There are 2 protein chains.
Amino acid sequence: MAIKLYGSLLSTATNRVRAVLAEKDIEYEFITIDMATGEHKKPEFLSRNPFGQVPAFEDGDLKMFESRAITQYIAHAYPNKGNDLIFEDPKKMAIVAVWMEVESQKYEPIASKLVWELLLIPMYGKTPDEAIVKEYEAKMEELLVVYESRLSESKYLGGDCFTLVDLHHLPTLKCLMGTRVKKLFDARPKVSAWAAEIQSRPAWIKAITA
Amino acid sequence: MAIKLYGSLLSTATNRVRAVLAEKDIEYEFITIDMATGEHKKPEFLSRNPFGQVPAFEDGDLKMFESRAITQYIAHAYPNKGNDLIFEDPKKMAIVAVWMEVESQKYEPIASKLVWELLLIPMYGKTPDEAIVKEYEAKMEELLVVYESRLSESKYLGGDCFTLVDLHHLPTLKCLMGTRVKKLFDARPKVSAWAAEIQSRPAWIKAITA
């Protein structure tokens with residue numbers, strides 16, 4: 001098969017790419033990288049991603065890493081497959097680009113820190129650092145104030161339609177919804193409606209259950 | 001004038017956009033936001049960027065923030081002006097997208113921490129935290145090992161030509177070159193040649209001296 005995704009079902013970055021492949025209804029071969037045995041740090045995988053992080057991606061002779069670069073490539077390269085995730089109009093796409101940066105520069109660092117403290121540290125049998133959790137919950141609240149305002153003027157973060165912006169949030173959002181951080185989303189009507197809707201998309205459900 | 005840039009000449013993110021406007025040979029109005037008096041946190045500027053950070057940008061009725069989204073918009077929207085900063089070929093552009101993510105996710109957090117410790121903290125009359133500086137110098141070295149390898153197979157990070165990838169590095173790179181971190185770049189022949197060449201581009205010199 002021409003398209004190959006190397007990653008782990010436990011990796012939010014891998015699931016970001018799986019979500020796009022499901023939305024675009026694209027068949028692909030999934031190759032599990034066993035992170036427990038350090039497969040992502042071995043020479044064969046390092047030749048796919050010199051930083052030793054999942055996922056890596058192949059489309060014929062094209063080899064890529066970095067999940068958000070991969071999702072953008074797929075959304076642009078397969079315009080006639082599945083659901084549109086980008087706009088053709090450059091000004092509409094400019095707004096999508098703004099909010100994609102917000103996700104990657106602002107949402108992700110907060111979300112991934114909270115996922116680490118509230119989900120991963122307890123999995124290792126340790127106790128989350130309450131001061132860090134409170135600090136990052138406060139940062140998330142500040143961010144969600146902006147999201148609530150944005151979603152009051154626009155159905156989705158990038159515009160009137162579901163786009164890559166919303167999709168990029170899904171993997172960490174799903175993790176956060178299993179923690180106490182959910183109440184910060186629930187407290188805001190536009191944010192909570194948006195979070196519920198994007199998580200109920202058939203392609204996302206397919207991506208995380210396939 | 002249709003194009004307006006709101007920012008500060010002391011802001012690396014503002015200078016990222018100025019660099020693109022210079023490369024594309026685009027005239028624009030520059031509106032200084034006085035960060036010393038907190039102008040970026042006042043309602044008028046918050047209506048341009050809800051996060052209260054420079055720069056903000058206007059092209060007619062389009063309003064944007066987030067420097068990397070703005071640079072991408074300009075590079076795509078003005079294909080016939082100045083120097084090309086992107087590729088038309090989707091597979092070449094996919095590689096540019098990979099290394100743009102590397103800049104924003106990996107280089108920038110390390111570079112901006114070092115700029116903070118080694119340039120800004122001393123400006124406030126304080127002493128950098130040597131442990132933090134050493135930690136981030138080690139991270140920068142790890143990153144530059146990957147860059148040296150990448151620049152051994154490709155003249156620029158995104159491919160055979162100077163693109164947005166290289167440009168996005170320039171504002172923090174310029175700051176780092178005035179610190180002890182310069183020796184980490186100088187120690188690597190491909191990295192130091194690349195850093196010297198991209199900093200000598202006429203458009204960059206124009207952007208930071210205009």
Side-chain angles (χ1 to χ4, degrees), chain A residues 13 16 46-53 56-79 88-109 112 139 142-143 145-150 153 158 165 168, chain B residues 13 16 46-53 56-79 88-109 112 139 142-143 145-150 153 158 165 168:
Chain A
R16 192 172 289 121
L46 288 172
S47 74
R48 301 191 179 280
N49 180 352
F51 297 101
Q53 292 170 331
F57 174 83
E58 241 180 76
D59 185 358
D61 60 351
L62 175 68
K63 288 180 169 52
M64 299 181 74
F65 55 96
E66 287 291 344
S67 65
R68 294 171 185 83
I70 300 167
T71 62
Q72 289 181 67
Y73 164 74
I74 297 167
H76 283 93
Y78 294 94
E88 277 188 32
D89 178 69
K91 292 195 172 181
K92 281 190 173 183
M93 200 54 211
I95 301 303
V96 169
V98 167
W99 290 92
M100 283 206 288
E101 289 295 321
V102 171
E103 183 278 329
S104 114
Q105 301 281 333
K106 299 189 163 59
Y107 168 83
E108 170 74 17
S112 61
K139 287 176 193 237
E142 266 185 58
L143 182 67
V145 167
V146 176
Y147 275 32
E148 184 71 10
S149 166
R150 170 67 185 157
E153 62 191 30
V165 176
H168 285 179
Chain B
R16 192 171 289 121
L46 288 172
S47 72
R48 302 191 178 281
N49 180 350
F51 297 102
Q53 293 170 330
F57 175 85
E58 239 181 79
D59 185 357
D61 61 350
L62 175 69
K63 288 179 169 49
M64 299 180 74
F65 55 95
E66 287 290 343
S67 65
R68 293 171 185 81
I70 300 168
T71 63
Q72 289 180 67
Y73 164 74
I74 297 167
H76 283 93
Y78 294 95
E88 277 187 32
D89 177 69
K91 292 196 172 180
K92 281 190 173 183
M93 199 55 212
I95 301 302
V96 169
V98 168
W99 289 91
M100 284 204 288
E101 289 296 320
V102 171
E103 184 278 328
S104 112
Q105 300 282 333
K106 298 190 163 60
Y107 168 84
E108 170 75 16
S112 62
K139 287 176 192 239
E142 266 186 56
L143 181 68
V145 167
V146 176
Y147 275 32
E148 184 71 10
S149 166
R150 170 66 185 158
E153 63 192 28
V165 177
H168 284 180

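Everything numeric in this text was worked out from a predicted model, so none of it was measured. The chains referred to below are lettered A, B, ... by the order of the sequence lines, with proteins before strands, and numbering in each begins at 1.
Both the backbone and the side chain of A/Val98 come within contact range of chain B, each with at least one heavy atom under 4.5 Å from a heavy atom of that chain. Contacts of B/Lys63 with chain A are made by backbone atoms alone, with heavy-atom separations under 4.5 Å and no side-chain atom involved. Looking at B/Glu108, there are no atoms closer than 4.5 Å to chain A (heavy atoms on both sides), in backbone or side chain. Contact annotation for A/Glu142: neither backbone nor side-chain heavy atoms come within less than 4.5 Å of a heavy atom of chain B. Looking at A/Ala77, neither its backbone nor its side chain comes within 4.5 Å of chain B, counting heavy atoms on both sides. Neither the backbone nor the side chain of B/Val145 comes within less than 4.5 Å of any heavy atom in chain A.
You'll find the side chain of A/Gln105 reaches within 4.5 Å of the side chain of B/Ser104, heavy atoms only.
Residue B/Tyr73 comes nearest to A/Ala94 through the heavy atom pair CD1-CB, 3.7 Å, listed as atom of the first residue, atom of the second, then distance.
The CD atom of A/Glu66 sits 11.0 Å away from atom CD of B/Glu103, with the distance rounded to the nearest 0.5 Å.
A salt bridge between A/Asp59 and B/Lys91 is absent, with no side-chain N of the basic residue lying under 4.0 Å from a carboxylate O of the acidic one.
Residue A/Gln72 forms a side-chain contact (heavy atoms from CB on, under 4.5 Å) with just one option from B/Met93, B/Met100, B/Glu101, and that option is B/Glu101.
More than 12 heavy atoms of other residues, nucleotides or ligands lie within 6.0 Å of CD in B/Glu153, so this atom counts as buried by the packing criterion.
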